[in-house]
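What follows is a set of notes on a single structure, which appears directly below.
Chain letters run A, B, ... following the sequence lines, proteins first, then strands; residues in each count from 1.
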Protein chains: 2
Amino acid sequence: MTITQNIKVAVDAVVFGYNSTDGLSILLIKRKSDTFHGTWALPGGLVHEGESLEQAVTRELNEETGVSINYLEQLYTFGKPERDPRNRVVSVAYYGLVKPDIFKLKAATDASDVAWFEVKRLPTLAFDHNEIISEAIKRLKGKITYEPIGFELLDEKFPFSELEKLYMTVLDRPLDRRNFKKKIMKFGFLEETKEKQNLSGAGRPGNLFQFNQEKYFQLKKEGINFEI
Amino acid sequence: MTITQNIKVAVDAVVFGYNSTDGLSILLIKRKSDTFHGTWALPGGLVHEGESLEQAVTRELNEETGVSINYLEQLYTFGKPERDPRNRVVSVAYYGLVKPDIFKLKAATDASDVAWFEVKRLPTLAFDHNEIISEAIKRLKGKITYEPIGFELLDEKFPFSELEKLYMTVLDRPLDRRNFKKKIMKFGFLEETKEKQNLSGAGRPGNLFQFNQEKYFQLKKEGINFEI
DNA sequence: ACAAAAGTGTTCGTCATACACCCATGT
DNA sequence: ACATGGGTGTATGACGAACACTTTTGT
């Protein structure tokens, strides 16, 4: 008995961007095809025959949003039979992080069909995309506490308070400034530069810090264990 | 432009069993079809049109091994274009845990096409199944340290030393008996029964313990955080 | 009596937590 | 001068790590 299976394979991407004024945001597109026409949805689409899943995600992101991703990781595969009303589609979801300069596309491209939405103010999305996003947020929260991926959402160099605010935003709880700094600096992969933040409004400008990835890999090999 | 995609969707299962003499083992089947004929492989197969991914896994496990699973969780989706030499197959891998009484099928069914292999002594498998297994082991190691899923590999009631040995086997490092017990008991979801282990050879028989799942859920809701 | 496994408490060091004042800059 | 955010140290408590002897059973 040969089973003729007719299931489509798609990928979807939950792309996170961050800045300290808008908090954590997600990249969405407005659908043009019949099903869920005009509804906001995650960027994504069917996988092509010859490409890997990762290639499919980056291609779709490029085609649909023009955004190039910085950190990408597989999230979960969603496969309920009825998740797509047209026909059976199994979707492999990924989540990704982009740096602030890419996130700034916020107002740039004509925002009629691609836009960033703050995590706190998401619209109702097509398919099961709201569910996918809530899984992605859960995963990001977890991951950020035991792998230093927070840096992937910040500029090369950033004032320490940015990192702190990022963690508080993502984890959605207050963190003591001094204890947080002590903990992070103790690991040894965050370097203090001699540059200062160029002043934005009031307050004392902070020193800029940068993440040393090589040092982190080295420390990780030696058996560091990062945890917030 | 319509894309006519012809990718198959399969599921594969890494089923773990445990006992203190053989350690951690995985359930494998010997392939009967042409490709990789006679090679050991993970149980699994194509997803049917109307069923969910989880249903597909449990169905395949039932058909191919007769084993009914106790704890099941999605692991990762493997989708490299060349991972199946025949045609493109994207496989959603799951991992599962079974209780010792099911694990005992070891010698039971005529072991010519279904068998348990100790994790330390795995053969070379079909497709990318060795890779899938090594991901599963990595995941199990991680998961067992922050969720009490170890109990899913033990009988309802077990002597404390079994739990201890299980953790040492999975984590592949020694654990101090007293510290481990203190830590586990402090959580409050492990109950000491008044029964004693029925003697197996020499040594003082230990008391039997049982995991109280309801209590665990309750504690989890209150914000416990389990960690070894 | 001996071998094998179970049971049990204390000490020490490290790390998490809580907490408040001064400094540099813009307005 | 004042408002805003940056920078920093100490004291206390909790928890993880290290560690050895006694008890119960089978042989």
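The side chain to side chain donor-acceptor pair (under 3.5 Å) analysis of residues 127-137 of chain B, with sequence neighbours excluded, yields the pairs B:R83-B:D128, B:E135-B:K138.
At whole-Å resolution of the value, CD1 in B:I184 and P in C:dG7 are 15 Å apart. Atom-to-atom, CZ of A:F209 to C1' of D:dT8 comes out at 12 Å; the value is rounded to the nearest Å. One can place CG of A:L175 at 15 Å from P of D:dG6, the figure rounded to the nearest angstrom. The distance from atom NZ of B:K181 to atom C1' of C:dA5 is 12 Å, rounded to the nearest whole Å. Rounded to an integer number of Å, the gap from CZ of B:F160 to P of C:dG7 is 9 Å. One can place CZ of B:R173 at 12 Å from C1' of D:dG16, the figure rounded to the nearest angstrom. The distance from atom CG of B:N207 to atom P of C:dA5 is 17 Å, rounded to the nearest whole Å. Atom CZ of B:F180 is separated from atom C1' of C:dT8 by 16 Å (rounded to the nearest Å).
By the neighbour-count criterion of 12 heavy atoms within 6.0 Å, atom NZ of A:K215 is sparsely surrounded, having that number or fewer from other residues, nucleotides or ligands.
With salt bridges taken as basic N to acidic carboxylate O contacts below 4.0 Å, none links A:K80 and B:E54. Using a 4.0 Å cut-off between charged side-chain N and carboxylate O, A:K120 and A:D172 make a salt bridge.
Nearer to the 5' terminus of DNA chain D, by closest-nucleotide assignment, is the contact made by A:E162 (compared with the other of A:E162 and B:G203).
The closest donor-acceptor contact from the side chain of A:Y95 to the backbone of A:F16 lies at 3.5 Å or more, if one exists at all.
Picking from D:dG6, C:dT25, C:dT8 the nucleotide with the shortest atom distance to the side chain of A:S161 gives D:dG6. Across C:dA16, D:dA17, C:dA24, the shortest atom-to-atom separation from the side chain of A:K183 is found for C:dA16. Between D:dT23, C:dA24, C:dA4, one nucleotide has an atom nearer to the side chain of B:R204 than all others, and that is D:dT23.
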What do the steps show when you test A:K157 against A:F209 for side chain to side chain contact (heavy atoms under 4.5 Å, CB included), and what is the final call?
-> CA-CA 5 Å; A:K157 298 179 182 177; A:F209 289 76; over 6 Å; no
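Of the N and O atoms on the side chains of A:Y71 and A:E73, at least one donor lies less than 3.5 Å from an acceptor on the other residue.
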Contacts under 3.5 Å, N or O only, protein and nucleotides 18-20 of chain D:
| residue | atom | partner | partner atom | Å |
| --- | --- | --- | --- | --- |
| D:dA18 | N7 | B:N179 | ND2 | 2.9 |
| D:dA18 | N6 | B:N179 | OD1 | 3.1 |
| D:dC19 | N4 | B:D176 | OD2 | 3.2 |
| D:dC19 | N4 | B:R178 | NE | 3.4 |
| D:dA20 | N1 | B:R178 | NH1 | 3.3 |

